[in-house]
Amino acid sequence: MLRELIYERLKSILSEQEIQYDFNIEVPDEKFGDYSSNIALIGARYFKKPPIEVARYFSEKLSDDPLFSEINVAGPGFLNFKISKGYYIDILNDMLSKEQNYWKPEKNDIKVQFEYGSANPTGPFTVGHGRQLIIGDILSNVFEFLGYDVTREMYLNDAGRQIKLLARSLWVRYNELFGKSFELPEDGYRGKYLIEFAEKLKEEFEDKFLEKWDNETEQFFMKYAVSNILKMMNSTLSKLDSKFDSVVSEKSVIEKGLVEKVLEIFRNKDLIYKKDGAIWLKVSKLINEDDKVLIRSDGTYTYFLTDIAYHYDKYLRKFDKVYDIFGSDHHGHIPRMKASMKALDIPDDFLDFILHQFVTLKRKGEVVKMSTRSGDFVTLDELIDEVGKDATRYFFAMNDINTHLNFDLELAKSKTVDNPVFYVQYAYARINSVFEKAKEKGIKFKLKEDIEKLEKEKELNIIKLLDELSFTLKDTTEKLSPHILTNYIYGLSEKFHSFYAKERILDEEDIAISNARLNLLYAIKIVYEIVFNLLGITAPDHM
RNA sequence: GUGCCUGUAGCUCAAUCGGAUAGAGCACUGGACUCCGGAUCCAGAGGUUGCGGGUUCAAUUCCCGCCAGGCACACCA
């Protein structure tokens with residue numbers, strides 16, 4: 001990786017001087033060079049000299065280094081590097097030898113868990129869940145690619161009062177089919193899926209539960225509703241090509257006795273008390289927030305309590321790092337969860353949260369209304385059916401998670417250049433078609449041969465960009481946002497299309513240069529396959 | 001009222017943990033195939049980075065104060 005090579009060289013000059021500080025290597029505007037560093041700007045105060053002089057010092061020190069074909073000092077004291085052509089050829093050769101492994105570091109032992117898609121199993125996934133699912137899925141893929149031991153996990157809140165409401169709502173719908181009218185609970189569920197479940201129930205059990213509501217019936221309806229909703233959720237997940245390594249239910253957390261355990265720890269630390277018949281956690285003793293109820297006066301557990309127990313379990317499962325991904329509407333949950341972790345003597349950096357902002361669907365510039373209450377909201381399933389898996393995934397991934405996402409349905413469906421998904425997939429299809437054309441023309445592709453013929457600015461630039469994938473992946477794991485990866489692949493596509501338009505790849509008059517460029521295309525193809533795979537979108541040979 | 005996120009070209013978005021003249025796409029103007037996929041490419045125009053201060057060699061980025069939008073402030077999850 002070129003960035004590292006440059007970094008190491010600069011670093012060693014610093015240590016010769018017994019000076020230490022942090023500095024950057026970055027890819028600047030092309031006119032400045034291939035890479036640049038701010039080492040002299042930062043270093044001015046350590047060297048006690050003006051930045052330009054410091055920059056000259058580095059530049060002289062490195063003047064004999066074969067890595068660079070040119071080093072110059074510019075602006076207020078930037079150090080700009082041009083990489084020797086020979087290094088680019090070596091790098092390309094290395095990529096062609098190792099293929100995907102070129103970008104894949106050694107496996108490490110760090111156990112990372114991503115929790116996302118967690119929901120009450122009370123209805124189908126919404127569009128909002130979609131963003132979360134895609135963010136979690138892609139980040140998991142990237143961490144895994146970089147050698148982490150990753151667990152993708154979903155938590156199901158199948159024990160709370162929401163499930164009771166769901167059961168009662170279903171029961172009401174069921175009775176309606178017999179012309180018996182009961183009122184839906186005030187916070188009940190109004191989605192049409194419950195009517196469909198009710199119809200199935202009627203077919204299977206006829207009037208067995210008609211006008212009969214007791215504990216046994218409630219249990220049955222809870223189970224029936226949840227299992228059917230899980231079926232719906234799973235079907236959506238498989239349409240999305242999104243898989244979990246593990247699904248943990250709230251019930252199982254309670255059954256494992258973790259709630260008791262957590263309460264015991266809190267009790268021993270004098271962090272709980274009883275008030276108004278409920279059990280409270282002294283959140284105010286830990287952070288600057290109000291105390292919260294753990295056990296309601298009717299004896300049932302709050303979500304807060306079981307979630308603490310669940311996270312305690314994560315700790316016991318020995319994850320090194322846990323990320324919870326959810327919508328920004330849950331951000332209020334964060335400080336008290338952090339506080340609870342502290343109360344359980346779990347290290348501060350064990351748990352982190354990845355919040356994403358909301359999604360708005362737009363059709364022809366108009367906002368598509370989504371409302372959970374009325375039950376006519378657009379489900380994730382409907383979205384996938386309308387725009388396809390690839391567009392769904394790419395669009396959810398392509399914005400910074402901190403910004404509100406405008407999902408343009410028309411754009412997502414369009415098969416034109418405006419649609420970024422098509423743009424990047426088209427580049428891939430085009431590469432394949434060049435290989436096919438080469439065969440037709442009788443130009444034989446010889447792996448790793450003739451690559452020293454590559455010398456054009458655009459060619460070497462692409463090699464650099466391919467090498468940069470390593471940095472992009474690392475950056476994605478640090479910024480915890482998948483849009484860095486979509487931006488990368490979009491940028492590579494631009495570079496490729498531009499190269500394709502400028503330079504003829506297949507030239508029967510010059511077989512060697514044709515083969516050299518086919519090798520370059522082959523490396524590009526590998527990178528597309530890595531990135532498409534991480535994003536979870538298809539790599540089409542033809543479109 | 002308090003807390004979190006956002007505000008960048010007409011529109012949708014970038015900007016590599018503070019870097020050089022703030023970049024792409026769409027739309028607009030003008031160009032490029034007898035050809036490897038024109039589903040593409042090249043060029044032009046378009047900006048007081050919401051406003052006002054501060055920090056420093058350097059601020060879209062960090063700090064403070066306003067303004068606007070979104071979200072949250074339950075014995076819901």
Side-chain angles (χ1 to χ4, degrees), chain A residues 3 22 24-29 31-32 36-38 41-42 44-45 50-51 74-78 80 118-120 122 157 160-162 165 187 275-280 288-290 292-298 300 302-304 306-307 326-335 355-358 360 362 365 398-406 408 411 414-420 422-423 425-427 429-438 440-441 443 468 471-472 475 478-479 483-484 487-488 490-491 494 496-507 514 517 521 542-543:
Chain A
R3 272 183 202 249
D22 210 20
N24 278 344
I25 306 292
E26 39 186 278
V27 175
D29 191 305
K31 67 185 172 239
F32 292 123
S36 76
S37 176
N38 63 355
L41 290 162
I42 306 275
R45 38 191 274 242
F78 285 101
N80 293 327
S118 297
N120 286 314
T122 53
N157 300 110
R161 60 178 281 261
Q162 298 302 324
L165 279 172
D187 302 322
K275 194 182 95 185
D276 303 333
I279 305 291
W280 298 69
N288 186 23
E289 294 225 356
D290 293 341
K292 294 284 297 177
V293 169
L294 295 175
I295 304 179
R296 302 188 189 94
S297 47
D298 67 1
T300 57
T302 61
Y303 163 80
F304 183 40
T306 52
D307 206 32
F326 41 66
S328 61
D329 53 336
H330 286 70
H331 76 261
H333 192 49
I334 295 175
L355 289 185
H356 66 83
Q357 297 296 311
F358 277 23
T360 305
K362 287 202 170 155
M398 74 182 182
N399 281 32
D400 187 322
I401 61 169
N402 287 317
T403 69
H404 188 97
L405 173 60
N406 284 306
D408 183 336
L411 180 62
S414 85
K415 301 193 190 302
T416 64
V417 25
D418 327 3
N419 185 345
F422 266 79
Y423 186 77
Q425 288 184 322
Y426 175 60
R430 203 175 212 187
I431 291 170
N432 280 291
S433 104
V434 173
F435 275 98
E436 276 170 24
K437 201 74 183 182
E440 271 173 42
K441 290 191 169 192
I443 298 174
E468 279 290 307
F471 177 78
T472 299
D475 205 27
E478 282 168 6
K479 306 258 166 62
H483 80 285
I484 294 168
N487 280 352
Y488 171 83
Y490 191 87
E494 283 181 317
F496 167 70
H497 284 310
S498 170
F499 168 64
Y500 178 93
K502 180 90 188 296
E503 308 291 345
R504 200 170 170 76
I505 292 161
L506 301 176
D507 180 0
S514 299
R517 289 179 175 156
L521 259 59
H542 300 276
M543 294 174 71

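Below, all heavy atoms of this structure are taken into account, side chains as well, without hydrogens, waters or symmetry copies. These figures come from a predicted structure and were not determined experimentally. Chain A is the first sequence line, chain B the second, and so forth, proteins listed ahead of strands; every chain is numbered from 1.
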### Task
Apply ring-ring contact (aromatic ring centres under 6.0 Å, His included) to the pair Phe326(A) and His331(A), showing each step before the final yes or no.
CA-CA 8 Å; Phe326(A) 41 66; His331(A) 76 261; 9.6 Å; no
Rounded distance in Å - [atom1] ([X]) to [atom2] ([N]):
X: Glu468(A); N: U16(B); atom1: CD; atom2: C1'; result: 9 Å
X: Asn402(A); N: U8(B); atom1: CG; atom2: C1'; result: 16 Å
X: His542(A); N: C36(B); atom1: NE2; atom2: C1'; result: 14 Å
X: Leu405(A); N: C5(B); atom1: CG; atom2: C1'; result: 14 Å
X: Lys362(A); N: C11(B); atom1: NZ; atom2: C1'; result: 9 Å
X: Asn24(A); N: A20(B); atom1: CG; atom2: C1'; result: 14 Å

### Task
Answer yes if the side chains of His404(A) and Thr360(A) hold a donor-acceptor pair under 3.5 Å, and no otherwise.
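Yes.
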#### Entry: Heavy-atom protein contacts under 4.0 Å, nucleotides 21-31 of chain B, coded B base, S sugar-phosphate only, - none
B--SSS-----
Which nucleotide, in any strand shown, forms a Watson-Crick or G-U wobble pair with [N], with both distances under 3.5 Å?
N: G18(B); answer: none
N: U56(B); answer: none
N: C51(B); answer: G65(B)
N: U2(B); answer: A72(B)
N: G23(B); answer: C13(B)
N: C33(B); answer: none

Counting side-chain heavy atoms from CB outward, which of [options] is closest to [X]?
X: Leu506(A); options: G3(B), C36(B), G19(B); result: C36(B)
X: Gln162(A); options: A77(B), U16(B), C57(B); result: A77(B)
X: Asp22(A); options: C75(B), C17(B), G38(B); result: C17(B)
X: Asn487(A); options: A20(B), U6(B), A14(B); result: A14(B)
X: Arg161(A); options: A20(B), G19(B), A77(B); result: A77(B)
X: Lys479(A); options: C17(B), C5(B), A72(B); result: C17(B)
X: His330(A); options: A77(B), C71(B), U12(B); result: A77(B)
X: Tyr423(A); options: G19(B), C41(B), C17(B); result: C41(B)
X: Gln357(A); options: C13(B), C41(B), C5(B); result: C5(B)
X: His331(A); options: A77(B), G3(B), A20(B); result: G3(B)

Gap between atom [atom2] of [Y] and atom [atom1] of [X] - 0.5 Å precision:
X: Ile42(A); Y: Asp22(A); atom1: CD1; atom2: CG; value: 8.0 Å
X: Lys292(A); Y: Ile279(A); atom1: NZ; atom2: CD1; value: 15.5 Å
X: Tyr500(A); Y: Ile431(A); atom1: OH; atom2: CD1; value: 10.5 Å
X: Asp187(A); Y: Arg161(A); atom1: CG; atom2: CZ; value: 6.0 Å

### Message
Students often mix this up, so state it plainly: with edges at 30° and 60°, are the rings of Phe304(A) and His333(A) parallel, tilted or perpendicular?
### Response
perpendicular
### Heavy-atom neighbours of Asp298(A) CG exceed 12 at 6.0 Å
yes
### Task
Step through it carefully: locate the ring centre of Phe78(A), locate the ring centre of Phe32(A), and say whether they are under 6.0 Å apart.
no
### Query
If you measure from the C1' atom in A22(B) to the same atom in U16(B), how many Å do you get, rounded?
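Here A22(B) and U16(B) have their C1' atoms 14 Å from each other.
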### Task
Using the P atom on both, measure G38(B) against C33(B) and round to a whole Å.
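Their P atoms lie roughly 13 Å apart.
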### Query
Would Phe78(A) pass as stacked on A20(B), i.e. its ring centre under 5.5 Å from the base's six-membered ring centre and planes under 30° apart?
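Given the distance and angle limits, yes, they stack.
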### Task
Could you say whether Ile505(A) or Gly75(A) is positioned toward the 5' end of RNA chain B, judged by the nucleotide with the nearest heavy atom to each?
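Looking at RNA chain B, the more 5' nearest nucleotide goes with Gly75(A).
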## Note on the structure
5'-most contact on RNA chain B (nearest-nucleotide basis), Asp298(A) vs Ser433(A), goes to Ser433(A)
### Message
With a 4.0 Å limit, can you tell me whether His483(A) has a side-chain N or O closer than that to the phosphate oxygens OP1/OP2 of A15(B)?
### Response
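So the side chain of His483(A) is within the cut-off, an N or O lying under 4.0 Å from OP1 or OP2 of A15(B).
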